[in-house]
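Only one structure is covered here, and it is reproduced in the block below.
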Amino acid sequence: MSLQRMLAIIERDMRKFFRSPALMMSSMIFPLTQLIVLGYAFGGKIKGIKVAIVDEDHTASSRLIRQRFDAVESGPKSMETEDYSSLSDAVTDLRTGFVRAVVYIPPDYSRRVDQGNRPRIAFIEDNTDTFVTTEILSRMQGLVQDINQTVNPFLPGQPLMVPMPRMKPLVDLQTVELYPYIEYIKYLLSGSIAMSIFIVAMIGGGIVFIDDKSRGLHEGYLVTPIKKSELILGLIFSGAIKGLMAGTSITIIGGLIAGIEHLWDPVRLLYLVMVLASTSVAMISFMFLVMVRVSDPLVPRAMFGVLNTLLYFPSGAIYPVEGFPSWLRWISYIDPFSYSVHALKALLLKGTGFAGIYSDVFILVGFSVVLMSLSVLFFRRQI
């Protein structure tokens with residue numbers, strides 16, 4: 001055994017490592033990225049939950065409830081309230097995901113307060129997200145308890161001089177869950193579908209693309225009259241078809257395992273294909289933009305963990321976006337994963353139609369157009 005020859009091999013390998021800054025950076029950045037993102041993406045205090053308030057009483061008693069919501073909104077900031085004039089409109093927006101809960105004050109609320117006849121407030125919640133549901137229900141129960149301790153049934157808005165009896169509270173909170181019980185495996189299904197498309201994008205739009213360049217397969221394209229736009233769009237749509245196939249397979253198999261109801265509804269399947277197709281194009285376009293100037297085949301493999309952490313966990317696939325700090329929310333706003341997961345949850349858990357997914361689909365299509373244009377712009381017809 002020759003120590004000199006062994007040292008020569010070590011020297012060559014170290015030189016190769018130091019000539020690949022992306023590999024060096026990923027070995028340091030990935031653990032730090034995972035620590036920061038995962039550390040703030042789980043268990044954060046949920047804030048900014050959108051709640052619709054429908055007040056059909058319009059009296060001093062109902063305005064007192066509204067004041068309590070304003071105090072929560074300006075203090076703990078766990079809720080963002082919006083007034084609705086119609087209960088049906090509020091429930092429609094609740095089903096399509098524009099709000100997370102509806103508080104309904106019936107027209108006989110003040111009369112029941114004056115009579116001491118157990119006035120009721122209806123609380124309709126979107127129970128597809130257990131984390132949000134638990135937080136907002138806790139806030140509502142605290143708010144009603146505060147009203148019961150401070151409101152005089154004979155003089156609305158005035159403090160009581162004696163506490164109300166515990167066995168007969170002044171205000172009764174009636175909680176209505178909009179959907180049947182949602183198991184956590186169903187909650188995770190949307191993120192798993194998006195992840196399958198991302199893996200195909202990473203392989204088809206990153207690893208295979210760079211490997212073909214390193215093996216010289218692109219030389220055959222570059223000596224032909226094919227325009228760079230035709231080459232990039234052809235590769236992107238080819239990868240998108242693969243992503244659509246993977247996403248559809250995981251949707252069907254995962255849906256059967258999780259027990260998604262009415263999975264074979266043709267209208268729902270049509271909307272699912274629409275979301276999966278737009279997600280696939282957006283993901284593949286993103287990967288091509290990231291890899292369009294890369295030549296080292298080690299780079300996409302080294303970046304896989306970093307991109308997975310930065311895209312998957314801030315998307316709301318595992319924990320609601322409302323629990324993120326502000327800087328992590330900004331990442332979720334520009335993350336195509338977020339819109340894919342939101343649309344898939346709307347279809348698989350809530351059974352909404354086009355009204356619940358159209359904004360997500362349009363944003364994903366917009367992402368795709370911008371990313372494809374940038375990919376064509378930065379692509380160079382050279383080896």
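- Proximity of a side-chain donor or acceptor of Tyr339 to a complementary backbone N or O of Phe362 within less than 3.5 Å is not detected.
- In this structure, CD1 in Ile357 is found 12.5 Å from NZ in Lys350, a value given to the nearest 0.5 Å.
- Trp264 is linked by a ring pair (Phe, Tyr, Trp, His ring centres under 6.0 Å) to nothing, counting only residues two or more places apart in sequence or in another chain.
- Between the side chains of Tyr179 and Asp126, not a single donor N or O lies within less than 3.5 Å of an accepting N or O.
- Note that CE of Met283 is 11.0 Å distant from CD1 of Ile199, once rounded to the nearest 0.5 Å.
- Side-chain atoms of Glu56 and Tyr104 form a donor-acceptor pair, as typed in the model, at a separation below 3.5 Å.
- Leu173 CG to Leu137 CG: the interatomic distance, rounded to the nearest 0.5 Å, is 7.0 Å.
- Separation of atoms OG1 (Thr175) and CD1 (Ile121) is listed at 10.5 Å; rounding is to 0.5 Å.
- Within the 4.5 Å cutoff, side-chain heavy atoms of Leu307 are placed close to those of Met287.
- You'll find the side chain of Met372 reaches within 4.5 Å of the side chain of Phe237, heavy atoms only.
- Formation of a donor-acceptor pair under 3.5 Å by the Ser192 side chain with backbone atoms of Leu188 is found in this model.
- A side-chain donor from one of Asp55 and Ser62 sits under 3.5 Å from a side-chain acceptor of the other.
- Side chains of Ile197 and Leu276 form a contact here, defined as non-hydrogen atoms less than 4.5 Å apart.
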Using the side chain to side chain contact (heavy atoms under 4.5 Å, CB included) rule, take Leu64 and Gln67 through it: C-alpha gap first, then chi angles, then the decisive distance, then the call.
-> CA-CA 5 Å; Leu64 182 65; Gln67 293 172 4; 3.8 Å; yes

Trace of the side chain to side chain contact (heavy atoms under 4.5 Å, CB included) decision for Phe123 with Gln174 | CA-CA 6 Å; Phe123 176 65; Gln174 292 186 326; over 6 Å; no

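- With contacts defined as side-chain heavy-atom distances shorter than 4.5 Å, the pair Ile49/Glu135 qualifies.
- Side chains of Ile65 and Tyr109 form a contact here, defined as non-hydrogen atoms less than 4.5 Å apart.
- Side-chain N or O atoms of Ser278 include one that pairs as donor or acceptor with a backbone N or O of Val275 at under 3.5 Å.
- Ser340 places no side-chain N or O within 3.5 Å of a backbone atom of Phe337 that could act as its donor or acceptor partner.
- Closest of all the heavy-atom pairs between Val341 and Ala317 is CG1-CA, 3.9 Å.
- Other residues, nucleotides and ligands place no more than 12 heavy atoms under 6.0 Å from the CD atom of Glu261.
- In this structure, Met79 CE and Asp70 CG are separated by 11.5 Å, a value rounded to the nearest 0.5 Å.
- Between the side chain of Ser375 and the backbone N or O of Leu371 there is at least one donor-acceptor pair closer than 3.5 Å.
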Check: residues 93-101 side-chain donor-acceptor pairs under 3.5 Å, at least two apart:
unit_1, atom_1, unit_2, atom_2, d
Asp93, OD2, Tyr84, OH, 2.6
Thr96, OG1, Thr92, O, 3.0
Thr96, OG1, Asp93, O, 3.3
Arg100, NH2, Glu322, OE1, 3.4
Arg100, NH2, Glu322, OE2, 3.2

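- At a threshold of 4.5 Å between side-chain heavy atoms, the hydrophobic network of Ile, Leu, Val, Met, Phe, Trp and Tyr places Leu347 and Ile185 in two separate groups.
- The shortest side-chain heavy-atom distance between Thr81 and Val103 does not fall under the 4.5 Å cut-off.
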Step by step, work out the side chain to side chain contact (heavy atoms under 4.5 Å, CB included) result for Ile260 and Lys186.
-> CA-CA 7 Å; Ile260 299 296; Lys186 296 180 181 179; 3.9 Å; yes

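- Residues Phe324 and Pro320 approach most closely at CE2-O, 3.6 Å, considering heavy atoms.
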Test side chain to side chain contact (heavy atoms under 4.5 Å, CB included) applied to Val281 and Ser285, step by step = CA-CA 6 Å; Val281 176; Ser285 301; 4.0 Å; yes

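- Separation of the Phe367 and Phe286 ring centroids does not fall under the 6.0 Å cut-off.
- The shortest distance between side-chain heavy atoms of Glu125 and Leu178 does not fall below 4.5 Å.
- If you chain together hydrophobic residues whose side chains sit under 4.5 Å apart, Tyr181 and Leu348 never meet in one group.
- Contact annotation: the side chain of Ile363 never approaches that of Tyr358 to less than 4.5 Å [non-hydrogen atoms, C-beta and beyond].
- In the displayed structure, Lys50 atom NZ is contacted under 6.0 Å by at most 12 heavy atoms of other residues, nucleotides or ligands.
- Cluster membership check: Ile241 does not share its hydrophobic cluster with Leu269, using side-chain heavy-atom separations under 4.5 Å among Ile, Leu, Val, Met, Phe, Trp and Tyr.
- The hydrophobic clustering, which links ILVMFWY residues whose side-chain heavy atoms are closer than 4.5 Å, places Leu233 and Val290 together.
- For the pair Thr251 and Gly247, the tightest heavy-atom approach, listed with the atom from each and the gap, is OG1-O, 2.6 Å.
- Looking only at distances, no side-chain donor or acceptor of Ser61 sits under 3.5 Å from a matching main-chain atom of Ser110.
- Rounding to the nearest 0.5 Å gives a distance of 8.5 Å between OG1 of Thr59 and CD1 of Ile105.
- Heavy atoms only, all atoms of each residue included: Val321 and Ser332 are closest at CG1-OG, 3.6 Å.
- Tyr271 and Val273 fall within a single hydrophobic cluster, where Ile, Leu, Val, Met, Phe, Trp and Tyr are joined by side-chain heavy atoms under 4.5 Å apart, directly or via other members.
- The neighbour count for Met245 CE, taken as heavy atoms of other residues, nucleotides or ligands under 6.0 Å away, does not exceed 12.
- Shown here for Gly356 and Ala346, the closest heavy-atom pair between the two residues is O-CB, 4.0 Å.
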Apply ring pair (Phe, Tyr, Trp, His ring centres under 6.0 Å) to Tyr312 and Phe198, showing your working.
-> CA-CA 9 Å; Tyr312 179 69; Phe198 171 72; 8.8 Å; no

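- When atom types are taken as modelled, the side chain of Thr248 and the backbone of Leu244 share a donor-acceptor pair closer than 3.5 angstrom.
- When all heavy atoms of Met274 and Phe354 are compared, the pair lying nearest together is SD-CE1, 3.7 Å.
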Are Asp108 and Arg120 close enough, and set up right, to give a salt bridge (charged side-chain N to carboxylate O under 4.0 Å, His left out), and what steps lead you there?
-> CA-CA 9 Å; Asp108 63 345; Arg120 295 177 176 87; over 6 Å; no

